[in-house]
2 protein chains.
Amino acid sequence: MSEGRAEGVDGRTREALERFERFLHQRDLRLTEARAAIVEAALARQGHYPIDELIADLKQRGIRGSKATVYRTLPLLAEAGILEPAIVAGDARSYETTFGRHHHDHLVCSRCGRVVEFEFEAFEILQREVASRYGFRLEAHHHELVGTCPDCQAGEPPRG
Amino acid sequence: MSEGRAEGVDGRTREALERFERFLHQRDLRLTEARAAIVEAALARQGHYPIDELIADLKQRGIRGSKATVYRTLPLLAEAGILEPAIVAGDARSYETTFGRHHHDHLVCSRCGRVVEFEFEAFEILQREVASRYGFRLEAHHHELVGTCPDCQAGEPPRG
DNA sequence: CTTCATGCAAAAGATTTGCAAGTTC
DNA sequence: GAACTTGCAAATCTTTTGCATGAAG
């Protein structure tokens with residue numbers, strides 16, 4: 001990174017870059033151009049994305065960031081609290097950019113793959129309850145509901 | 001399968017074999033020796049297991065069931081409701097044998113990997129609530145709490 | 001200049017597939 | 001016999017690593 005970075009980048013992305021830079025400094029690592037490009041690509045993404053889509057995004061954009069660099073950077077971004085590995089029910093590894101977003105969980109359509117986000121405070125409360133019941137200090141959770149969405153129910157063939 | 005199958009097998013395993021056989025019949029597939037051996041190995045397992053551990057079990061036991069056959073059989077067992085892919089937070093694909101067991105969710109220690117199972121009816125109720133709010137027909141859910149278990153908290157170095 | 005980062009290509013794993021030979025109905 | 005299975009090896013895919021070269025402090 002030599003010139004003024006992050007031109008044309010929105011506020012959330014800029015904040016993410018700042019947070020990442022702080023995080024890296026703490027470990028004597030550096031915010032390089034390649035890493036910044038990956039942050040920008042991740043922040044531009046919505047919802048869940050498999051790693052190779054992120055790599056494709058990078059190729060389309062500036063062209064910087066090799067596959068290996070992306071693989072090396074994603075765990076750092078996760079540790080820095082910028083993104084999270086997404087629940088995987090067997091398919092390819094995916095991530096979700098969580099920086100600057102409210103916590104939410106997901107409702108996934110098993111037919112069409114549509115993802116609906118929901119927030120429901122009662123879950124958070126009960127989760128703390130369960131953790132404390134077992135003496136655990138709660139750090140995170142994965143919660144995903146799977147079902148058939150209204151559209152797919154409508155287009156469904158009558159039960160055979 | 002020619003000789004009397006399932007000798008020395010417990011009731012739950014026998015029921016699983018029966019269910020699987022019915023499932024296979026519906027599709028004009030067959031309950032072969034290799035498939036039965038995989039069912040037995042899966043039913044003998046507790047908790048989460050990566051695929052290669054199941055394969056190792058098979059090698060130890062009767063020696064039948066090649067890697068490819070196991071990979072081909074696991075999705076069938078999942079469809080038959082005998083096991084389920086386990087939540088994966090990034091590592092290797094694992095399964096859990098659910099046949100004949102109460103539904104439960106998991107509390108996982110992020111330090112030592114210990115897994116505690118819990119049942120909490122309130123979650124189930126709220127999940128139905130959320131699904132119906134969005135018009136989804138609920139089919140399944142993945143719910144995992146991540147934290148530090150009591151033992152690991154005790155053995156923890158004082159905060160630096 | 002010393003340490004860290006990158007890209008490429010090779011390596012390592014995990015999963016899937018093609019196919020000839022063996023089973024089951 | 002026709003249809004379904006299996007095991008093996010080869011083919012794919014995904015992710016990780018080694019290393020020489022290029023930046024950053």
Side-chain angles (χ1 to χ4, degrees), chain A residues 1-5 17 20-41 48-56 58-59 61-80 83 85-86 88-95, chain B residues 1-5 17 20-41 48-56 58-59 61-80 83 85-86 88-95:
Chain A
M1 298 264 34
S2 46
E3 54 192 317
R5 111 179 58 98
L17 285 164
F20 195 36
E21 184 159 36
R22 262 178 266 125
F23 169 87
L24 292 168
H25 266 304
Q26 286 181 346
R27 312 192 165 206
D28 295 300
L29 302 180
R30 298 158 190 172
L31 179 56
T32 60
E33 266 191 85
R35 285 177 179 154
I38 293 167
V39 171
E40 288 172 32
H48 293 176
Y49 45 86
I51 298 182
D52 41 303
E53 284 190 23
L54 195 64
I55 292 169
L58 284 163
K59 286 224 158 60
R61 294 155 151 268
I63 310 149
R64 70 184 69 278
S66 77
K67 192 169 297 206
T69 301
V70 174
Y71 274 101
R72 284 187 278 233
T73 302
L74 288 174
L76 294 172
L77 286 169
E79 274 195 86
L83 43 74
V88 174
D91 298 334
R93 197 174 292 191
S94 317
Y95 284 87
Chain B
M1 299 261 40
S2 45
E3 54 191 315
R5 114 179 53 98
L17 285 165
F20 194 36
E21 185 160 35
R22 261 177 267 125
F23 169 87
L24 291 168
H25 266 304
Q26 287 180 346
R27 311 193 167 205
D28 293 301
L29 302 179
R30 297 155 190 175
L31 179 56
T32 60
E33 266 192 85
R35 285 177 179 154
I38 294 168
V39 171
E40 288 172 32
H48 292 176
Y49 45 86
I51 297 181
D52 40 304
E53 284 190 24
L54 196 65
I55 291 169
L58 285 163
K59 286 224 159 59
R61 292 155 153 267
I63 311 147
R64 69 185 67 278
S66 79
K67 192 170 296 206
T69 301
V70 174
Y71 275 101
R72 283 186 277 234
T73 302
L74 288 175
L76 293 173
L77 286 170
E79 274 194 86
L83 43 74
V88 175
D91 299 334
R93 197 174 294 192
S94 319
Y95 284 86

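Here is how names work: the chains are called A, B, and so on, in the same order as the sequence lines, proteins then strands, and each is numbered from 1.
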Inset, instruction - Starting from the 5' end of DNA chain D, give me the residue, L29(B) or A68(B), whose nearest nucleotide shows up first. - result: L29(B)
Inset, instruction - Check side-chain contact (heavy atoms from CB on, under 4.5 Å) between E79(B) and all other residues, then give those that pass, not counting sequence neighbours. - result: F23(B), R27(B)
Legend entry - Whole-Å gap separating C1' (dT6(C)) and OH (Y71(A)): 17 Å
Inset, instruction - Return the value, rounded to whole Å, for the distance between atom NZ of K67(B) and atom C1' of dA14(C). - result: 8 Å
Inset, instruction - Figure out the CG/P separation between L54(B) and dA14(C), and round it to whole Å. - result: 15 Å
Inset, instruction - For R35(A), answer base if it contacts any base atom (sugar-phosphate contacts may also be present), sugar-phosphate if it contacts only those atoms, and nothing otherwise; contact means non-hydrogen atoms under 4.0 Å. - result: sugar-phosphate
Legend entry - Shortest side-chain distance from I51(B), nucleotide among dT6(C), dC8(D), dT15(C): dT15(C)
Inset, instruction - Provide, to the nearest angstrom, the distance between the CZ atom belonging to R93(A) and the C1' atom belonging to dC13(D). - result: 13 Å
Inset, instruction - Grab the CG-P distance between D52(B) and dT16(C) for me, whole Å please. - result: 14 Å
Inset, instruction - Classify the side chain of R30(B) versus the base of dT24(C) as yes if they form a donor-acceptor pair under 3.5 Å and no if they do not. - result: yes
Inset, instruction - Return the value, rounded to whole Å, for the distance between atom CG of L31(A) and atom P of dA23(D). - result: 16 Å
Inset, instruction - For the side chain of T69(A), starting at C-beta, report the closest nucleotide among dT6(C), dT15(C), dG7(D). - result: dT6(C)
